[in-house]
Amino acid sequence: MVNTSVNLCGITLQNPVIPASGTCGFGAELAEWYDLNLLGAISIKGTTLEPRFGNPTPRIAECPNGMLNSVGLQNPGVETVAAEEIPRLKKHYHQPIIANISGFSIDEYTACCERICNSVDLVELNISCPNVHNGGMAFGTSATEAARVVSAVRKVCSRPLVVKLTPNVTDITVIARACEEAGADGLTLINTLLGMRIDVMRRKPVLANKMGGFSGAAVFPIALRMIYQVHLACRIPIIGCGGVSSARDVIEMMMAGATAVQVGSENLRNPLACKEIIENLPLEMEKLHISDLKEFIGIIQ
Amino acid sequence: MIKHCKNTKKATKYCIFVSVMNKYLLNIISNSCVAKDVFRMELTGEIPALKCGSFVEIAVEGCYLRRPISVCASCEGHLTLVYKIVGEGTRKMSELSYGQKVDLIGGLGNGFSLSPLPAHPLLIGGGIGTAPLLQLATDLRAAGSTPLLLAGFNSASDIFLEKEFTDLCAQVIFTTLDGSRGIQGMVTEVLSSLHFDYFYACGPMPMLKAVSTAIPHPGQLSLEERMGCGFGICMGCSIQTAGGPKRICKEGPVFRKEELLW
């Protein structure tokens, strides 16, 4: 028997696999495919203080080995999420829940966190959404701004606070250290990379919003490199995210320094992705002579 | 040949927190060109009957995302897809042949509703949007209704499934933009001469908007959009409706006329 459990910010996960925010809704749609209780945890759809419709369509563009999205944080607002979506999820799901919160000002972030944090096990602070203006990524590309929002939310957050970082910066370790010093309990990296496609026949960008976040298997090496750099620079745990599509990718990310691993775009291509990865994980571990997964976190120096 | 099965249809049930959705691996029986850039793929294997107006998402080798394709005809063990080459994914689909396997998920989306059953429904198709109207016509006939088909194409060489629709519909009317077949012009030009009490439409957005505005009767319209997942998790295909934001892939693709805000 192999041991797949990990400890993330004091919370025991039965395995390190988490569907990433924005690729699993509030759970109901994935639950039509498999029993969500086999997951390590779930990171629910990015939530803002007020309801948001998001950006105009088309919001999706395909790329070699990946995709762009410009959804723009569509969500029904924190009140509906806390009062309706989370209770509905909890009726049938008993593993940890991660709330992913976004805002356009520090006050919005703190108000959103206050409303939702007691309903969940962990809060993921999204300061890295590339699809909204004057918010999201604006906080994630400046060490000073990142520290301000983290320290404000940390004061009102009753749960471990994990900060989701953008790769669209020159040196991610600078932002990561600023978040750690401001009180973050963990880091999720990475969010999507800003990208663009043009429909050459129509001579127009494919996305109505022109640019969008690039994700999918193609970004895996970039995510892995950033996890490795941040693992060496910080002491807080890392949730790895970016292009994960197999159990072997999960192990590779953990070797680079991730304590848990999120699966994102792969869920869109294969609704059973997380289930299949979790089922394959013990088999891959046996092949690699790994009996306890957590002993391999960050073994690459 | 489209295999017509006798009422073996089992609608896919959507229940929250019950796993009911499945991936299917089907065998290609045939995949042939039936009109300009339009292909008809016949698939067989272990799959239930899929609801009319629902769609499947097909995995295409070398493409990152699946391709959403509407159900043209379906019964237990058999699925017919009629699709148009519009890009890389559908081009690769058209190159598949007998004996190859197709990985797909479905039936996705809500599909057309047959209740209350209209006595004389008009089915309006625009180009490749005509394809899902075949299973709808089959189901309407089976339920005791007599549909008419009005289908608009660019040219005579774009027309497909003519015999199948002729067998099922009381009347089949074609319009073509270049006048090479049927009435020259768009579908909206013949609406006033037809007698019907309800409509079902599938086609490009400008056509849907035009027929929705021109027709005083109630009806249902099937929409399309670039999709990420096809089963409701990514919010890539949302639209604003009278009832708030809806996902074309999940609450749609079929909407009642009064739900849509043009």
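As the structure is a computational prediction, the values presented were derived from the model and not from experiment. These values consider heavy atoms only, across backbone and side chains, with no hydrogens, waters or symmetry-generated copies. So you know, we letter chains A, B, ... as the sequences are listed, proteins then strands, and number each from 1.
Heavy atoms of B:Glu88 lying under 4.5 Å from chain A are absent altogether. In this structure, chain B has heavy atoms under 4.5 Å from both the backbone and the side chain of A:Ser265. Residue A:Asn267 touches chain B through both its backbone and its side chain, counting heavy-atom pairs closer than 4.5 Å.
When the shell of 6.0 Å around CE of A:Met211 is examined, it contains 12 or fewer heavy atoms from other residues, nucleotides or ligands.
Scanning for salt bridge (Lys or Arg N to Asp or Glu O under 4.0 Å) contacts around A:Arg59 gives an empty result, with sequence neighbours left out. By the salt bridge (Lys or Arg N to Asp or Glu O under 4.0 Å) test, B:Arg256 pairs with no residue at all, sequence neighbours left out.
Heavy-atom pairs under 4.5 Å with chain A were tallied for B:Pro245, B:Gly232, B:Ser238; the largest tally goes to B:Ser238. Per-residue counts of heavy-atom pairs under 4.5 Å with chain A were compared for B:Gly62, B:Ala59, B:Cys63; the largest is that of B:Cys63. Most heavy-atom pairs under 4.5 Å with chain A, from the set B:Cys234, B:Cys237, B:Gly230: that is B:Cys234. Note on A:Asn75, A:Asn270, A:Asn69: by heavy-atom pairs under 4.5 Å with chain B, the leading option is A:Asn270. Per-residue counts of heavy-atom pairs under 4.5 Å with chain A were compared for B:Gly244, B:Cys229, B:Gly89, B:Gly87; the largest is that of B:Cys229.
Remark: B:Thr44 OG1 to B:Ile28 CD1 distance equals 12.0 Å, nearest 0.5 Å.
Counting only N and O atoms by type, the side chains of A:Gln262 and A:Glu124 include a donor and acceptor under 3.5 Å apart.
The only option from B:Arg67, B:Arg226, B:Arg66 that meets the salt bridge (Lys or Arg N to Asp or Glu O under 4.0 Å) definition with A:Glu62 turns out to be B:Arg67.
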